[in-house]
Amino acid sequence: MIIVKNGLEDKIVARYAGADHIFPAGEETPCEDDAARHIFGYGEKSKDDALLRLGWILPGQSKDEAMKKLGKIIFKKAVVTVTAG
């Protein structure tokens with residue numbers, strides 16, 4: 001599980017595996033690793049496919065501005081512990 005903090009001024013709406021994922025501006029949102037990888041390129045060397053899916057760049061454009069936006073997205077690895085109660 002990943003916690004995604006959207007440091008942008010606008011919410012991010014994306015789709016993965018047929019489900020909408022909404023990341024409100026300024027908030028932390030839990031997200032499965034696979035979804036974060038698909039939506040933001042989390043853990044991937046190249047972020048190009050994710051930036052295109054987000055609509056932050058178009059083919060043939062410089063990705064500098066898109067990478068600045070992506071730099072405002074913070075990822076935290078969440079550890080889930082289940083206890084008997």
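Note that the structure is predicted; figures quoted are calculated from it, not measured.
- The closest side-chain heavy-atom distance from I22 to T29 is not below 4.5 Å.
- Taking 4.5 Å as the limit, every side-chain heavy atom of H21 sits out of range of all side-chain heavy atoms of I12.
- A50 approaches I39 most closely through the heavy-atom pair CB-O, 3.4 Å.
- Using cut-offs of 30° and 60° on the angle between ring planes, the pair F23 and F40 is perpendicular.
- The closest side-chain heavy-atom distance from N6 to P24 is not below 4.5 Å.
- Here NZ of K63 is found 3.5 Å from CG of D48. Values are rounded to the nearest 0.5 Å.
- In this structure, the separation between CG on L51 and CG on L58 is 11.5 Å, given to the nearest 0.5 Å.
- Here the side chains of V4 and F75 are in contact, with some heavy-atom distance below 4.5 Å.
- When all heavy atoms are compared, the tightest approach of A66 to I57 is CB-CG2, 3.2 Å.
- Atom CD1 of I2 sits about 4.5 Å away from atom NZ of K77, to the nearest 0.5 Å.
- Under the 4.5 Å side-chain criterion, counting only non-hydrogen atoms from C-beta, K47 is in contact with M67.
- Around CG of D20, the count of heavy atoms belonging to other residues, nucleotides or ligands within 6.0 Å exceeds 12.
- Heavy atoms only, all atoms of each residue included: A36 and C31 are closest at N-SG, 3.6 Å.
- Between atom CE of residue M1 and atom CD of residue E32 there is a gap of 4.0 Å, rounded to the nearest 0.5 Å.
- Atoms CZ and NE2, on R15 and H38 in that order, are 10.0 Å from each other to the nearest 0.5 Å.
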